[in-house]
Each structure stands twice: as structure tokens, then as C-alpha cells.
Student: 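Have a look at this one before I ask anything.
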Amino acid sequence: MTVRVPFVDLRTQHQTLMPELMDAFRQVTESSAFAGGPFVAQFESEFAAFCHARYALGVGSGTDALWLSLLSLGVGPGDEVITTPNTFMATAEAISICGARPVFVDIDQRTYTMDPSKLEQAITLRTQAIIPVHIFGQTADMDAIRAIAARHGTPVVEDACQAHGAEYKGRRAGSLGGRGCINLYHGKNLGAFGEAGAVTTEEPELRAKVQALRDHGQASKNLHSTIGWNARMDGIQAAVLSVKLRHLEMANQARQAHAQLYDQLLADEPRVTRPWVAPYAKHVFHIYAVRVRNRDEVLQRMGAHGVHCAVHYPLPIHLQKAYSFLGLGAGSFRVAERCSQELLSLPMYPELRQEDIELVVQVLKKCLQS
Ligand SMILES: Cc1ncc(COP(=O)(O)O)c(C=O)c1O
């Protein structure tokens with residue numbers, strides 16, 4: 001079956017941006033600024049402004065952003081870090097790579113982000129950080145989470161890997177917790193040509209620590225004040241990101257318009273639960289996820305009709321084999337588990353056409369019936 005609507009289409013986006021991208025490649029090539037350097041510095045200042053943050057630091061990936069942020073907060077063996085189970089594996093991995101233990105809090109059934117009413121009971125004397133995940137393009141309820149964190153003196157690290165430009169009460173993801181971790185993988189709302197990520201922060205000390213950690217612990221050339229890693233951003237990725245950042249606001253607006261059309265066309269379909277936008281949120285629809293009962297069959301049938309959907313995520317982290325040592329069986333986080341069986345991500349990218357969305361909805365309705 002030929003693909004009638006892909007899940008994501010980067011080709012059209014890149015064709016439109018080709019002259020700007022080619023100019024960026026030329027500039028990087030001519031200056032040979034491949035690792036770190038002026039293109040990274042420029043992107044960092046542009047991206048910090050975009051996120052309403054004081055500083056941004058380019059790193060190699062979203063996973064680097066998360067674990068370097070945790071390391072810079074001093075998270076280590078024996079510590080606990082709280083997050084949600086319906087996220088990409090990397091959120092938990094970053095905690096584990098620091099030697100700490102992930103502790104999960106169930107999600108809210110409407111936003112799919114951390115349920116603040118379940119957070120406090122998960123905090124112990126070992127808790128060193130809380131990572132709310134702004135899933136699908138909508139932020140967690142940050143005032144509620146920050147208030148609990150403040151009562152316990154626990155730092156908050158935003159996982160804003162799916163929320164480029166998302167807002168909470170008018171403030172952007174990445175500036176809502178003191179530290180933000182952003183993945184800039186090519187499929188994201190703002191994506192490099194491969195792997196990249198960024199840490200945002202308000203704190204000069206944290207900035208200095210992450211700056212050293214991403215570059216072998218160097219505080220200055222050949223003076224290694226700590227043991228770090230190579231987690232630098234490439235100049236070529238920064239140049240690509242600067243080009244794409246100029247178009248991000250428009251691209252996010254297109255995603256919102258597509259979400260509105262999906263909402264309208266699905267409004268009369270009782271078998272589909274549409275995404276809920278919290279009153280506090282500007283949702284940027286990295287993913288437009290609906291809930292349906294027989295999700296796996298619907299997914300497969302839609303694929304057979306040439307409409308490619310995806311699932312984020314079919315198995316919550318606490319049920320992954322890699323985390324079986326935590327001893328958390330089925331039933332531990334009921335909302336996340338149920339969502340993992342029902343969530344279906346429909347095609348979403350700025351260049352979607354009205355007729356594509358109409359076709360997706362038509363095929364979805366047909367696949368719900370058969
Ligand atoms: C919520 C979330 N956290 C972390 C990551 C990890 O980012 P990366 O793949 O750049 O390491 C991702 C990547 O998709 C993500 O979606």
C-alpha cells in the first residue's frame with residue numbers, strides 16, 4: 001500500500017528552507033567551526049530568547065541535556081528522581097546514568113502530564129529532583145508542581161523535549177522550572193539534521209557546570225576541573241537550528257490549526273477522545289494523540305489504508321524489562337497504563353494539507369467500525 005499520509009514529512013519543510021540551509025552550510029564550511037564555536041553561541045542566544053530563559057547551552061542530544069542537568073545538580077548514587085512513566089525511555093535513563101533511582105508518579109488523565117495530586121506522596125528524603133515531562137506539546141501544571149517542590153526544597157528539571165514553544169500561563173517551556181532540557185532531534189517541532197539538544201537555565205552556576213560537563217570538564221582550555229564528557233553541539237547542527245528557529249513560530253501555528261481541524265472533524269465521533277488543552281496551556285502539538293479502545297487494530301488498519309500513525313508509548317517505563325528491577329508490576333500506575341493501550345498519534349506536521357487531515361479522519365472513522 002502506498003503511503004497516502006505519512007506520520008511526519010520533513011522533505012517538504014526542507015525543500016522550502018533549502019536556500020537558507022545551503023547558505024548556513026556554506027558559512028559553517030567556510031569557517032570550519034564544526035564543534036562548538038560561533039554558530040553554537042549564536043543559536044544558544046537565539047534559543048534562550050525564544051524560551052524566555054536567561055541562558056541556553058547546546059549539547060549533543062536531549063538525553064545529554066537531561067543527565068548533564070541532573071549531574072550539575074549533584075544527583076548521584078543513592079538518590080531518587082521523580083518523573084512520569086509515560087515518557088520516552090531517555091527521561092528515566094538519564095536518572096539511571098547518574099546512578100540514581102527513578103521514582104514514578106502517575107499522569108493526569110486529560111493532559112497526560114504529571115498528576116500534581118500524586119506528587120507529594122512520592123517525595124522522600126532521598127528525592128533530589130523532580131522531572132515533569134511536557135508530553136506531546138503541552139506543559140505540565142507547573143505552578144502546582146513548583147509549589148510542592150518548593151515546600152520540600154527539591155529542584156525541578158523540565159523535560160521539554162516535546163514542547164518547543166509551548167507555554168504555561170504565557171511563559172515558555174524551558175523557563176518554568178529553573179532548568180529545562182530540550183531535545184532537538186530532526187523529528188521535533190524544532191529539529192536539527194540528526195541529533196542535538198539544549199539545556200536552558202536561569203542560574204549562572206548551573207550554566208557554568210553544564211558548560212564544563214559537556215566539554216570534558218574543562219573550565220578553561222586544558223584545565224579540567226571535573227570529569228565530564230563530550231556532549232557538545234556540532235556547529236552544523238547549530239546553524240541548521242538557527243535557520244529553522246526563524247520559522248518555528250509559524251510552524252507551531254500551523255500545527256495548532258491542524259489540531260483545530262482534527263478536533264472539528266472528530267467532534268461528532270464518540271469513540272474517539274480528542275486531546276484536551278488545559279486552560280493554562282498553549283499546546284504546540286508536537287503530537288496529536290487521540291484515545292481509542294481497540295488502538296492496536298486501528299493503528300494496523302490505518303496503516304493498511306496508507307495512513308501512517310504512531311504510538312507514544314506502547315509500554316510505560318515501569319513495565320519495560322530494563323526497569324524490572326524496580327519491582328513495579330502492572331497496576332502500579334493505572335492512568336499511564338491505560339493511556340499506553342489507548343493513545344494513537346495521528347499524522348502531524350506543519351505542511352499537512354486540509355485534504356490530508358480530512359483523509360486521516362475519514363480513514364480513522366472507517367477503521368473504528370471494521
Ligand atoms: C520526552 C522526551 N525526553 C527525552 C528525549 C530524549 O532526547 P534525545 O533523543 O535527543 O536524546 C526524548 C526524545 O524523543 C523525548 O521525547
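Note that these values count all heavy atoms, side chains included, but never hydrogens, waters or copies made by symmetry. Residues: numbered from 1 along the sequence shown.
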Student: With distance as the sole test, does Q138 use its side chain to make a donor-acceptor pair with the main-chain N or O of A278 at under 3.5 Å?
Tutor: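 Yes.
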Student: Taking all non-hydrogen atoms of both residues, which atom of V28 and which atom of G235 are closest, and how far apart?
Tutor: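 Scanning both residues, the minimum pair turns out to be CG2-O, 4.1 Å.
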Student: R214 versus M233: any side-chain heavy-atom pair under 4.5 Å?
Tutor: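 No - every pair of side-chain heavy atoms lies 4.5 Å or more apart.
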Student: Is there a path of hydrophobic side-chain contacts, each under 4.5 Å between heavy atoms of I, L, V, M, F, W or Y residues, that connects Y349 with L245?
Tutor: no
Student: Out of I82, V133, D106, which one pairs with M114 under the side chain to side chain contact (heavy atoms under 4.5 Å, CB included) rule?
Tutor: I82
Student: Decide if the gap between the ring center of H14 and the ring center of F193 is smaller than 6.0 angstrom.
Tutor: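 Centroid separation for H14 and F193: below 6.0 Å.
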Student: So do R291 and C339 actually touch side chain to side chain, heavy atoms under 4.5 Å?
Tutor: yes
Student: Does any part of the side chain of P347, heavy atoms only, come nearer than 4.5 Å to the side chain of H308, both counted from C-beta?
Tutor: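 Side chain of H308 against side chain of P347, heavy atoms only: no contact under 4.5 Å found.
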Student: Using a strict cut-off of less than 4.0 Å between a Lys/Arg side-chain nitrogen and an Asp/Glu carboxylate oxygen, indicate whether E30 and R26 qualify as a salt bridge.
Tutor: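 Salt bridge: yes.
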Student: L223 and S225: side chain to side chain contact (heavy atoms under 4.5 Å, CB included), yes or no, with the steps?
Tutor: CA-CA 6 Å; L223 289 178; S225 54; over 6 Å; no
Student: So which of V81, L73, T127, V75 actually passes side chain to side chain contact (heavy atoms under 4.5 Å, CB included) with P155?
Tutor: L73
Student: Which pair of non-hydrogen atoms, one from D263 and one from P275, has the smallest distance, and what is that distance?
Tutor: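 For D263 versus P275, the nearest heavy atoms are OD1-CD, 4.1 Å.
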Student: Side chains of S96 and Y323: donor-acceptor distance under 3.5 Å anywhere?
Tutor: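 The criterion, which ignores hydrogens and geometry beyond distance, is satisfied for Y323 and S96.
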Student: If I compare all heavy atoms of A289 with all of F136, which pair ends up nearest, and what's the gap?
Tutor: CB-CE1, 3.7 Å
Student: With the 4.5 Å side-chain cut-off for hydrophobic clustering, are Y55 and L68 part of the same group?
Tutor: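 Per the 4.5 Å side-chain linkage, Y55 and L68 are not co-clustered.
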Student: When you group the ILVMFWY residues by side-chain heavy-atom contacts below 4.5 Å and let the links chain together, are M348 and V311 in the same group?
Tutor: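 Result: yes, single cluster for both.
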Student: For the pair Y185 (side chain) and C161 (backbone), establish whether a donor and an acceptor sit closer than 3.5 Å, ignoring hydrogens and angles.
Tutor: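 Checked: no pair found.
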Student: A quick test of your reading: do over 12 heavy atoms of other residues, nucleotides or ligands sit less than 6.0 Å from CD of Q320?
Tutor: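 Counting other residues, nucleotides and ligands, CD of Q320 exceeds 12 neighbours.
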Student: Roughly how far apart are Q369 CD and L364 CG, rounded to 0.5 Å?
Tutor: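 Answer for the CD-CG pair, Q369 versus L364, is 10.0 Å.
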Student: With heavy-atom distances below 4.5 Å as the criterion, would you say the side chains of H283 and T111 are in contact?
Tutor: no
Student: Strictly by modelled atom types, are Q354 and E358 linked by a side-chain donor-acceptor pair under 3.5 Å?
Tutor: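 Yes, a side-chain donor-acceptor pair sits under 3.5 Å.
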Student: Applying salt bridge (charged side-chain N to carboxylate O under 4.0 Å, His left out), name anything that partners D356, two or more places apart in sequence or on another chain.
Tutor: R353
Student: Could you tell me if R274 sits above the aromatic ring of Y262, with its cationic atom closer than 6.0 Å to the ring centre and no more than 45 degrees from the axis?
Tutor: no
Student: Tell me if the CZ atom of R11 is crowded by more than 12 foreign heavy atoms within 6.0 Å.
Tutor: no
Student: Just by modelled atom types, is the H305 backbone N or O under 3.5 Å from a matching donor or acceptor in the R4 side chain?
Tutor: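 Checking the backbone N and O of H305 against the side chain of R4, a donor-acceptor pair under 3.5 Å is found.
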Student: With a 4.5 Å limit on heavy-atom distance, are the side chains of Q300 and D296 in contact?
Tutor: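 Heavy-atom side-chain distance check fails, nothing below 4.5 Å.
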Student: Cut-off 3.5 Å, side chains only: do E93 and T63 have a donor facing an acceptor?
Tutor: no
Student: Can you find a heavy atom in the side chain of T273 that is under 4.5 Å from one in the side chain of Q109?
Tutor: no
Student: Here's a test for you: under side chain to side chain contact (heavy atoms under 4.5 Å, CB included), which of T87, T113, I135 qualifies with D159?
Tutor: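 Answer after filtering T87, T113, I135: T87.
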Student: Side chain to side chain contact (heavy atoms under 4.5 Å, CB included), that's the test. Do Y112 and N86 meet it? Break it down for me.
Tutor: CA-CA 8 Å; Y112 314 129; N86 76 319; 3.9 Å; yes
Student: Which heavy atom of A53 sits nearest to which heavy atom of G174, and what is that distance?
Tutor: CB-O, 4.1 Å
Student: Report the C-alpha distance between S61 and E195 in whole Å, list the side-chain angles of each, state the deciding distance to 0.1 Å, and finish with yes or no for side-chain hydrogen bond (donor to acceptor under 3.5 Å, both in side chains).
Tutor: CA-CA 6 Å; S61 68; E195 308 286 348; 5.6 Å; no
Student: With the 4.5 Å side-chain cut-off for hydrophobic clustering, are V5 and I357 part of the same group?
Tutor: yes
Student: Using 0.5 Å steps for rounding, measure from the CE atom of M302 to the CG atom of L368.
Tutor: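 Interatomic distance, M302 CE to L368 CG, rounded to 0.5 Å: 8.0 Å.
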Student: Could you walk me through whether T84 and F104 pass the side chain to side chain contact (heavy atoms under 4.5 Å, CB included) test, one step at a time?
Tutor: CA-CA 5 Å; T84 49; F104 300 109; 5.8 Å; no
Student: Does the pair Q13 and D9 meet the rule for a side-chain hydrogen bond (donor to acceptor under 3.5 Å, both in side chains), with working shown?
Tutor: CA-CA 8 Å; Q13 182 199 112; D9 175 13; over 6 Å; no
Student: Please check: side-chain N/O of K244 versus main-chain N/O of G191, any donor-acceptor pairing under 3.5 Å?
Tutor: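 A pair under 3.5 Å: yes.
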Student: Could you walk me through whether T200 and R172 satisfy the side chain to side chain contact (heavy atoms under 4.5 Å, CB included) test, starting with their C-alpha distance in whole Å, then the side-chain angles of each, then the deciding distance to 0.1 Å, before giving a yes or no?
Tutor: CA-CA 11 Å; T200 50; R172 290 247 160 103; over 6 Å; no
Student: Just by distance, do the side chain of R171 and the backbone of H52 share a donor-acceptor pair under 3.5 Å?
Tutor: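 Yes; at least one donor-acceptor contact below 3.5 Å.
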Student: Please confirm whether F333 and H318 have ring centers closer than 6.0 angstrom.
Tutor: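 Yes; H318 has its ring centre under 6.0 Å from that of F333.
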Student: Do you know which two heavy atoms are closest between R255 and P350, and how far apart they sit?
Tutor: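 Closest pair (atom of R255, atom of P350, distance): NH2-CD, 3.8 Å.
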Student: Less than 4.5 Å apart, any side-chain heavy atom of M142 and any of K169?
Tutor: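 Side-chain contact under 4.5 Å: no.
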Student: Is any side-chain heavy atom of R232 closer than 4.5 Å to one of V40?
Tutor: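 With C-beta onward as the side chain, the pair stays apart.
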Student: Linking Ile, Leu, Val, Met, Phe, Trp and Tyr by side-chain heavy atoms under 4.5 Å, what else ends up with F7?
Tutor: V8, L10
Student: Got a second to check how far N252's CG is from F285's CZ, nearest 0.5 Å?
Tutor: 11.0 Å
Student: First locate atom CD1 of I236, then atom CG of L241, and finally report the distance between them rounded to the nearest 0.5 Å.
Tutor: 11.0 Å
Student: Can you measure from CG (N189) to CD1 (I182) and round to the nearest 0.5 angstrom?
Tutor: 12.0 Å
Student: Just by distance, no angles: are the side chains of S242 and E46 close enough, under 3.5 Å, to form a donor-acceptor pair?
Tutor: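 Side chains of S242 and E46: pair found under 3.5 Å.
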Student: Would V272 end up clustered with V360 when hydrophobic side chains under 4.5 Å apart are linked, directly or stepwise?
Tutor: yes
Student: Which pair of non-hydrogen atoms, one from S72 and one from L206, has the smallest distance, and what is that distance?
Tutor: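 Looking at all heavy atoms of both residues, the shortest contact is OG-CD1, 3.4 Å.
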Student: Aromatic rings F50 and F47: how do their planes relate, parallel, tilted or perpendicular, breaks at 30° and 60°?
Tutor: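 F50 and F47: parallel rings.
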Student: With rounding to the nearest 0.5 angstrom, report the CD to NE2 distance, Q260 to H258.
Tutor: 11.5 Å
